[in-house]
Protein chains: 2
Amino acid sequence: MAEPEAKRVKTEYELIYWPGIPGRGEVVRLLFEDAGVAYIDTAKGDNAVPTTLSYMDASNLGDEKNPPVFAPPVLKHGELVINQLSNILLYLAPKLGLGPASGDGVYHLNSIALTILDGLCVEVHDTHHPIATHKYYEDQKEEAKLRAEAFREERLPKYLTYVQRLLDAKTSGEGGWLYGGELTYVDLVLFQCLDGTKFAFPKTVEKLKKSGKYDDVFKLYDAVKERPNIKAYLESDKRIDYSDGIWRHYPELEEDE
Amino acid sequence: MAEPEAKRVKTEYELIYWPGIPGRGEVVRLLFEDAGVAYIDTAKGDNAVPTTLSYMDASNLGDEKNPPVFAPPVLKHGELVINQLSNILLYLAPKLGLGPASGDGVYHLNSIALTILDGLCVEVHDTHHPIATHKYYEDQKEEAKLRAEAFREERLPKYLTYVQRLLDAKTSGEGGWLYGGELTYVDLVLFQCLDGTKFAFPKTVEKLKKSGKYDDVFKLYDAVKERPNIKAYLESDKRIDYSDGIWRHYPELEEDE
């Protein structure tokens, strides 16, 4: 792949996201961290909540060049403002040297990213909020138990099976990465989403790991964790602890032993 | 926009999707229909189910050039095979003259498509399957009532408000379309998803329409419906009736009068 464009371009990247949770913003951070590219992270500033809310406000109609956004994460780069996580990744990948700028690989990687996000981000969120995003977990706890059971028993194995298929496929090439024989942004997507899912469902993920059916998936997870820039980031204060975001741990949503 | 590339290229497009429901495949169909570009639709052939299943089979590892796919819709174009609806739309739009091939508009349109699909496709599906996709509606009917209430009261108005914001924004330009002053694929996405949501929740959508808060959204819906190619398609035998797919009508999931 070409030299990361971001190292040549001076315009700074700005990530707008909620403070206090890794959340969807964390996937964006991992791309910058792995690429070693500086970025402004509003979640770490003093005005994180009002800044984020201002983008979502009904009175915010974007500007001359950008339509309004629906929800964070939001990426600002020069005059461009975009939202939707997979869309931000699609935009950043070639600029950070983490994916091709054109050709079939763009669409293959985008579909892999979308699928992993569906399974290990959106569906994990839905385990603790199966009825209403705007209501408390405690008000949908019984439904959450049912939804979590379906996630543990059906959905999570189904998605992990798919990721293992990607690694078994010829298109993964050599080296243990998901596509094209070298690390791309979808490997970082998988790492973050599996890490979050492990936090939410530690027993379930450990059991699936021990099944031996997804060995290459977990090997990839470990390999991302050991990449120098990622390792340094994970050990730093910059990495935000999991709490009550997308990836939450409620012991009652795991299988009884 | 440039002349649709598909009119110059001879390779045929093939849509692989479930038979008997409009579903996610219908959004892809509307792009071809509006553009007047021929396509093979496996859903209309004799082997629709086995063909679709063969792509999802755990033993299917794709080929030399394409990773395996997770779920339909799948698009084949020459040697390329891709899945994930928004990804298929991203690929097709510039080829069918329904979106730019490069530049900021690519990312703005992709984020709009993703948001409309989240709200009026994925979340509508979840109203009748809030607990487990692989189980019957009848086994999650009580939870479905709660989820549908949250959809009707909170989520649907929230998404329609966002679409109205897009239309109020300067970036929509003149003409009543969502982006850039001319029809793009996201207008077709909105049409199909709103049409499906109307089928599923007719009373709710009618009530929201009458509120007068989303007039431009419903005007856009009507304008798509009157486009000659779309109108001819909707009146033809090719248009599949709604049944038990994503957009289903269960009277008990609507508000009592």
Side-chain angles (χ1 to χ4, degrees), chain A residues 58-71 79-80 82-88 90-91 102 104 106-108 110-115 118-119 122 126 130-135 140 142-143 146-147 149-151 153-155 158-159 161-162 165-166 168-172 178-179, chain B residues 58-71 79-80 82-88 90-91 102 104 106-108 110-115 118-119 122 126 130-135 140 142-143 146-147 149-151 153-155 158-159 161-162 165-166 168-172 178-179:
Chain A
S59 69
N60 185 329
L61 298 179
D63 57 37
E64 299 278 344
K65 301 200 171 191
N66 298 285
V69 303
F70 182 72
E79 289 189 327
L80 181 74
I82 53 172
N83 77 324
Q84 279 282 0
L85 177 51
S86 70
N87 187 49
I88 292 171
L90 182 76
Y91 175 79
S102 62
D104 293 354
V106 169
Y107 305 97
H108 287 147
N110 188 39
S111 78
I112 294 171
L114 284 160
T115 305
D118 279 350
V122 179
D126 289 352
I131 300 299
T133 303
H134 64 286
K135 288 188 179 165
Q140 46 198 307
E142 291 314 307
E143 295 88 352
L146 296 171
R147 174 95 190 203
E149 184 188 351
F151 178 74
E153 306 286 324
E154 290 287 330
R155 304 300 289 173
K158 189 178 165 102
Y159 281 103
T161 298
Y162 177 66
R165 270 169 80 199
L166 289 171
D168 291 339
K170 287 188 178 149
T171 45
S172 68
L178 284 166
Y179 185 81
Chain B
S59 70
N60 186 329
L61 298 179
D63 57 36
E64 299 276 345
K65 300 202 171 190
N66 299 286
V69 303
F70 181 72
E79 291 189 325
L80 182 73
I82 52 173
N83 77 324
Q84 278 281 1
L85 176 52
S86 70
N87 187 50
I88 292 171
L90 182 75
Y91 175 79
S102 62
D104 294 352
V106 170
Y107 305 98
H108 287 147
N110 187 40
S111 77
I112 294 171
L114 284 160
T115 305
D118 279 350
V122 178
D126 290 352
I131 301 300
T133 302
H134 64 286
K135 289 187 180 164
Q140 47 199 305
E142 291 313 308
E143 295 87 354
L146 296 171
R147 175 95 190 202
E149 184 189 352
F151 178 74
E153 306 286 323
E154 292 285 331
R155 304 299 288 173
K158 189 178 164 102
Y159 281 103
T161 299
Y162 177 66
R165 269 169 78 198
L166 289 172
D168 291 339
K170 287 189 177 147
T171 45
S172 68
L178 285 166
Y179 186 81

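All heavy atoms count here, side chains included; hydrogens, waters and symmetry mates do not. Within every chain, numbering begins at 1; the chains are lettered A, B, ... in the order of the sequence lines, protein sequences first and strands thereafter.
Contact count against chain B (heavy-atom pairs under 4.5 Å) is highest for A:K158 among A:Q140, A:K135, A:K158. Between chain A and the residues B:H134, B:K170, B:R155, the largest count of heavy-atom pairs under 4.5 Å involves B:H134. Across A:V69, A:D126, A:D168, A:D63, the residue that shares the most heavy-atom pairs under 4.5 angstrom with chain B is A:V69.
When all heavy atoms of B:N87 and A:S111 are compared, the closest pair comes out as ND2-CB, 3.5 Å. Taking each heavy atom of A:P67 and B:L166 in turn, the nearest pair found is CB-CD2, 3.7 Å. Of all non-hydrogen atoms in A:I131 and B:A150, the two that sit nearest each other are O-CB, 3.6 Å.
Of the two parts of A:Y179, only the side chain, counted from C-beta on, holds a non-hydrogen atom closer than 4.5 Å to a non-hydrogen atom of chain B. Contacts of A:T133 with chain B are made by side-chain atoms alone, with heavy-atom separations under 4.5 Å and no backbone atom involved. For A:V122, no part sits under 4.5 Å from any heavy atom of chain B, backbone or side chain. Contacts between A:N66 and chain B at a heavy-atom distance below 4.5 Å involve backbone atoms as well as side-chain atoms. Residue contact with chain B, scored on non-hydrogen atoms closer than 4.5 Å, involves the side chain of A:E154 exclusively.
A 4.5 Å side-chain heavy-atom check between B:L114 and A:L85 finds every atom pair outside the cut-off. When side chains are defined from C-beta on, A:T171 does not count as touching B:E64, because their heavy atoms never get closer than 4.5 Å. Counting heavy atoms from C-beta on, the side chains of B:Q84 and A:T115 come closer than 4.5 Å. Here the side chains of A:H108 and B:I82 are in contact, with some heavy-atom distance below 4.5 Å. Within the 4.5 Å cutoff, the side chain of A:N60 has heavy atoms near those of the B:R165 side chain.
At most 12 non-hydrogen atoms from other residues, nucleotides or ligands lie less than 6.0 angstrom from CD of A:E79.
Judged purely by atom type and a 3.5 angstrom limit, A:R147 uses its side chain to pair as donor or acceptor with the backbone of B:P130.
For the atom pair OH (B:Y107) and CG (A:L90), the distance works out to 5.0 Å, reported to the nearest 0.5 Å.
For B:Y162, the ring pair (Phe, Tyr, Trp, His ring centres under 6.0 Å) test picks out A:F70, with sequence neighbours left out.
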